Amino acid sequence: MKERLRAPKGFQDVIPPKTFIWQHIEDRARKIFKNYGFHEIRVPVVEHTDVFVRSIGENTDIVEKEMYTFNDRAGRSLTLRPEGTASVVRCYVQNGLYTMPAPQRYFYTGPMFRYERPQKGRFRQFYQIGAEAFGVDAPYIDAEILCMLNDFLSDIGLDGLNCEINSIGCNKCRPGYRQALKAYLLSGLDGYCEDCRRRYDINPLRVLDCKVPSCIEASSDAPVITDYLCDDCSAHFRKLRKYLDSMEIKYELNPRLVRGLDYYTGTTFEITTVHPGSQNAVVAGGRYDKLVEEFGGPSAPAVGFAIGMERLVELVSDMDIVKEPGPGLFLICLNEEYRLTGIRILRKLRFSGLWCEMGFGASSLRSQLKKADRAGARYVFIIGEDEIKAGRIKYRRLSNGEEGYLPLDDYENMARLISDERI
RNA sequence: GUGAGCGUAGCUCAACUGGUCAGAGCACUGGACUGUGGCUCCAGGGGUUGGGGGUUCAAGUCCCCUCGCUCACCCCA
């Protein structure tokens, strides 16, 4: 046998019935996000490499070793997007969307690419549903976004989720905290793991969410960011919590919640699942009040999030709450000649919006009924010698065996019947 | 990049310490039932046991290499 071709490592097919779950989740997100005034935008999958380097940060793992970067034929450095926010901000600035009344709210969905070692809940091509709100710094919009996420996740029936929030401060207050933290860590640096000693130089805040028990122990009374917030950040965070309380949205404060991307400021949040698997973050997001300026736009605060589709799909699949439907009709023609009548009926019914299938072979009624049953059809129509002679079609409802007849050209009532309406 | 585990039919998996072990279930196709499905029974197709090399009288089983998959670390959705 020839060697079979397979998708590249970390790239996967989504095939039925799984596709049905994807569609369900996307449909619900579209519906609910719309209720909150978010409009869909579609941005390219490829950007100039600089878009990501300047937003995500030069010294992050994503930029340093995870990007699919290549030169096009004219020698430009392009990159398959590793995340969505940078592209959306670029789009916002390029199209002058800041001239529209604030807030401007957008959502997007599509594949992201990172060259990582695949594992459970992590792929090289993975899908995100993301949303971004521009032009408003009021904490109300942070709360609104968390509320929207809450609606969405409970709408698709998920439980076992925790929402954690934090504020990582702004340009004014974070440096002070960073310094205090480094001073604290330095005093006992030998007690930390190798990774943490490395983190100390690169991103000391990361030490706080190390999983090694001894590190957790050693950093247990480290200074917390929330004690170092400036008045503005502190007030913003306090107000956000008030809004969440008022909307009865559950959350936990996690002063150790750090985001990996450089552009975050102020509010950050993460929604994690309690289900097994080490990739437990299903949603993550926060504020990025300076990024629009960095991209050459005006001063425009913003806040957004990204949902990991594969992780969500896995949780929804585990719950077995989405059922795959079957066709409304399975048409059986008992010989090739009757098929000429059959396909005419099929065309009409499909055009009227119904999912209809037909048996292709000239096999026995028995075997075709078996096919109809396995396809999960609601009704079977039979065209055979008796029916053609009498100018009518025989229908059978598979769930209860109820049978009857309709004129061969009475498409309207056929459609009603299949739709389970009264005829 | 680091570490561990695993590759047998389309899918899920059997085959005692190397000795008819190349099998079962599901799925698919057909039949029993010639115009009535779901249940049951029967039959059929489909695998050079991921690939290569080695040890042995004998390898799916042991050793080496390679490719692939999975999980974890790093990091992240």
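Residue numbers begin at 1 in each chain, while the letters A, B, ... track the order of the sequences. Bear in mind that the values here come from a model prediction, so they are computed numbers and not experimental data.
Between the P atoms of G51(B) and G35(B), the separation comes to 47 Å (whole Å). Comparing the C1' positions of G23(B) and G38(B) gives an interatomic distance of 29 Å, to the nearest angstrom. For the C1' atoms, the distance from G46(B) to A27(B) is 12 Å, rounded to whole Å. Separation of the C1' atoms belonging to C71(B) and A32(B) is 48 Å when rounded to the nearest angstrom. For C11(B) and U49(B), the P atoms lie 16 Å apart once the distance is rounded to whole Å. Using atom C1' as the reference point in both C74(B) and C62(B), the two lie 35 Å apart (nearest Å). On the P atoms, G3(B) is 13 Å away from U66(B), given to the nearest whole Å. Here the separation of G10(B) from G47(B), taken at their C1' atoms, is 12 Å to the nearest Å.
When both pairing distances are held under 3.5 Å, A59(B) makes no Watson-Crick or G-U pair with any nucleotide shown. U17(B) is unpaired under the Watson-Crick or G-U wobble criterion, no partner having all donor-acceptor distances under 3.5 Å. Partner assigned to G3(B) is C71(B), using Watson-Crick or G-U wobble distances below 3.5 angstrom. Searching all strands for a Watson-Crick or G-U wobble partner of C26(B) with both distances below 3.5 Å returns G10(B).
Within the 4.0 angstrom heavy-atom criterion, no nucleotide atom of any strand lies near Glu270(A). Base engagement by Arg114(A) is indicated by at least one non-hydrogen atom pair under 4.0 Å involving a base atom. Counting any heavy atom pair closer than 4.0 Å across all strands shown, Tyr115(A) reaches no nucleic acid atom. Looking at heavy-atom distances under 4.0 Å, Glu116(A) makes contact with a base. When heavy atoms are screened at a 4.0 angstrom cut-off, Gly130(A) is found touching no nucleic acid atom at all. Backbone-only contact: Lys9(A) has heavy atoms under 4.0 Å from sugar-phosphate atoms and none from a base. Within the 4.0 angstrom heavy-atom criterion, base atoms lie near Glu387(A). Within the nucleic acid shown, Ile382(A) comes within 4.0 Å of at least one base atom, counting heavy atoms only. Counting any heavy atom pair closer than 4.0 Å across all strands shown, Val283(A) reaches sugar-phosphate atoms only and no base atom. Across all strands, Ala284(A) comes closer than 4.0 Å only to sugar-phosphate atoms, never to a base (heavy-atom distances).
Checking the phosphate oxygens (OP1, OP2) of G35(B), no side-chain nitrogen or oxygen of Arg396(A) falls inside 4.0 Å. Between Arg374(A) and C28(B), a side-chain N or O to OP1/OP2 separation shorter than 4.0 Å is present. Of the side-chain N and O atoms in Arg199(A), one or more sit less than 4.0 angstrom from OP1 or OP2 of C75(B). Between Gln119(A) and A72(B), a side-chain N or O to OP1/OP2 separation shorter than 4.0 Å is present. Contact between the side-chain N/O atoms of Arg366(A) and the OP1/OP2 oxygens of G37(B) is found at a separation under 4.0 Å.
Cation-pi check for Lys182(A) over Tyr200(A) is met; the charged atom lies under 6.0 angstrom from the ring centroid and within 45 degrees of its normal. Remark: Arg241(A) qualifies as a cation-pi partner of Phe237(A) under the 6.0 Å distance and 45° angle criteria applied to the six-membered ring. Taking the centre and axis of the six-membered ring of Tyr228(A), the NZ or CZ atom of Arg174(A) falls outside the cone set by 45° and 6.0 Å.
Rounded to a whole Å, the CG atom of Asp61(A) is 11 Å from the P atom of C74(B). In this structure, the OH atom of Tyr108(A) is 10 Å from the P atom of A77(B), given to the nearest Å. Nucleotide G35(B) holds its P atom 10 Å from the CG atom of Asp386(A), rounded to whole Å.
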Show, in sequence, the C-alpha distance, side-chain angles and deciding distance for Gln125(A) and Tyr127(A), and conclude whether the side-chain hydrogen bond (donor to acceptor under 3.5 Å, both in side chains) test is met. CA-CA 7 Å; Gln125(A) 174 177 322; Tyr127(A) 286 74; 3.0 Å; yes
Evaluation steps, side chain to side chain contact (heavy atoms under 4.5 Å, CB included), between Asp27(A) and Lys31(A): CA-CA 6 Å; Asp27(A) 288 349; Lys31(A) 176 78 178 59; over 6 Å; no
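For the 3.5 Å distance criterion, the side chains of Glu164(A) and Thr272(A) fail to qualify, holding no donor opposite an acceptor.
Evaluation of atom-type donor-acceptor distances gives a pair under 3.5 Å for the side chain of Glu403(A) against the base of U36(B). If you check distances only, the side chain of Arg6(A) never reaches the base of G68(B) with a donor-acceptor pair under 3.5 Å. Judged by atom type and distance alone, Glu64(A) does not reach the base of G1(B) through any side-chain donor-acceptor pair under 3.5 Å. Side-chain atoms of Lys394(A) come within donor-acceptor range of the base of U36(B), with a qualifying N/O pair under 3.5 Å. Not a single donor-acceptor pair, N or O on each side, falls under 3.5 Å between the base of C74(B) and the side chain of Arg117(A).
If you find the closest nucleotide of RNA chain B to Tyr264(A) and to Ala377(A), the one lying nearer the 5' end belongs to Ala377(A).
The CD1 atom of Ile383(A) sits 4.5 Å away from the SG atom of Cys333(A) when rounded to the nearest 0.5 Å.
Ring to ring, Tyr263(A) and Tyr288(A) are close: their centroids are under 6.0 angstrom apart.
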